[in-house]
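Proteins get letters first, then strands, A, B, ... in listed order; numbering begins at 1 in each.
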Number of protein chains: 2
Amino acid sequence: MGVTDSTGQDIAQALGLLLRRSTRARLYVRLTEGLGEAVDDLTYPVLSGLARAGPRSAADLGREIGLDRTTVTRRADRLEQAGLLERRPDPADGRATLLALTDDGHAVVAATRRRLTDAVDASLAGWPPADARNFARLLRRFVDEGPFADGEG
Amino acid sequence: MGVTDSTGQDIAQALGLLLRRSTRARLYVRLTEGLGEAVDDLTYPVLSGLARAGPRSAADLGREIGLDRTTVTRRADRLEQAGLLERRPDPADGRATLLALTDDGHAVVAATRRRLTDAVDASLAGWPPADARNFARLLRRFVDEGPFADGEG
DNA sequence: GGCGAAGCGTGTGCCGGGCACGCTAATCTG
DNA sequence: CAGATTAGCGTGCCCGGCACACGCTTCGCC
């Protein structure tokens, strides 16, 4: 990895830039804009996590998405009030309360995902299809094996 | 973008995963670990921004990195106390105060960047060099043209 | 059937972030 | 050249999110 091989450095730089911009541009804020008062960059991870993992208890979901149990509870309160999420008693465990998306909740997640996909599509518009496919493949591999791959989520 | 072309969707998915994990794994926290009490995931962007843009006023830097002017000031206070940053009166403008990295500050930024590069190198260890180079090129292009490219930073 | 463990919700304290104020200096105007 | 307007800075203040601690209920084991 001498001067002749700056690949790692290049990627690190681009990665830093990516992470910086995605927060600076408030990506999450924009993606969730206009989807109702309750859904914003803070509450969306709860919705998204439930969409991914299915009905879960607050504690489980917290472990899943890296938040404190109580924080999940508070955010779920807001989402429940907005009708995007509902609480059901766990049939298998009387103390547990399952958080589950309502149809509206699923719709919000779908809309947000579509927005992101559209944005990606737009920025890939001028790319040769082969490059785009290659990028998708390599990015996927990097994310799976990458410096963050200590968890499943 | 029918069923036959899921490329955009694939990238969006991987991108979401990447952003999620980088916060969930507290990437920034780890990268700045052990570099002194004052430097953490909150104060590092100030350091990094100064390293990129050179000596700047708090207001300018705030616009640069997407933070409120006063927030930059508070964080700069901590960094100044730790000797990583210094305040100089702007010779060209008597009301302005320039924030500038000290040698120690530059060293901290260099160390953090090296850590990230090392992590990337490690996860690229098993890759064919051609793939790695391709990935670097494509990622760079995507970041430059991507859905976030509304700013320079 | 009783007892420790696990889960949930909520009250409380703490910390980060943005707004508003007062001040100083630069720039514009007549 | 003097007054007025504008731009910049630091700090006091308030709001909101987060984690810890408590009390309660329920499960699992003995």
Restricting to nitrogen or oxygen on both sides, can you table the protein-nucleotides 28-30 of chain D pairs closer than 3.5 Å?
none

(request) Could you list the residues that satisfy side chain to side chain donor-acceptor pair (under 3.5 Å) with B:Arg95, not counting sequence neighbours? (result) B:Asp93

(message) I want to verify a distance call: between D:dG10, C:dC8, D:dG8, whose nearest atom is closest to the A:Ala59 side chain?
(response) C:dC8

Would you mind reading off the distance between [X] atom [atom1] and [N] atom [atom2], rounded to a whole angstrom?
X       : N      : atom1 : atom2 : value
A:Arg88 : C:dC8  : CZ    : C1'   : 18 Å
B:Leu98 : C:dA25 : CG    : P     : 16 Å
B:Arg56 : D:dC9  : CZ    : C1'   : 17 Å
B:Asp90 : D:dC9  : CG    : P     : 9 Å

(request) Assess whether side chain to side chain contact (heavy atoms under 4.5 Å, CB included) is satisfied between A:Leu19 and B:Leu19, documenting all intermediate values. (result) CA-CA 7 Å; A:Leu19 296 178; B:Leu19 295 178; 3.8 Å; yes

(message) side chain to side chain contact (heavy atoms under 4.5 Å, CB included) for B:Tyr28 and B:Asp40? Distances and angles first, verdict last.
(response) CA-CA 8 Å; B:Tyr28 250 52; B:Asp40 57 14; over 6 Å; no

(message) Test your reading of the model: is there a side-chain donor-acceptor pair from B:Ser48 to the backbone of B:Tyr44, 3.5 Å cut-off?
(response) no

(request) Ignoring hydrogens and angles, tell me if any N or O in the side chain of B:Arg87 forms a donor-acceptor pair with the backbone of B:Glu80 under 3.5 Å. (result) no

(request) Name the orientation class of the two ring planes belonging to B:Phe135 and B:Trp127 (parallel below 30°, tilted from 30 to 60°, perpendicular beyond 60°). (result) tilted

(message) Return a single string for nucleotides 16-22 of chain D, one symbol per nucleotide in 5' to 3' order, where B is base contact, S is sugar-phosphate-only contact and - is none, cutoff 4.0 angstrom on heavy atoms.
(response) -SSBBB-

(request) With side chain to side chain contact (heavy atoms under 4.5 Å, CB included) as the test, would you mind laying out the steps for A:Arg21 and B:Val143 before giving the verdict? (result) CA-CA 9 Å; A:Arg21 284 193 182 167; B:Val143 172; 4.2 Å; yes

(message) When you measure from the side-chain N and O atoms of B:Arg87 to the phosphate of D:dG10, is any distance below 4.0 Å, counting only OP1 and OP2?
(response) yes

(message) Can you see if the side chain of A:Thr97 gets near the phosphate of C:dC8 - specifically, an N or O under 4.0 Å from OP1 or OP2?
(response) no

(request) For the residue pair B:Thr102 and B:Asp104, confirm or rule out a side-chain donor-acceptor distance under 3.5 Å. (result) no

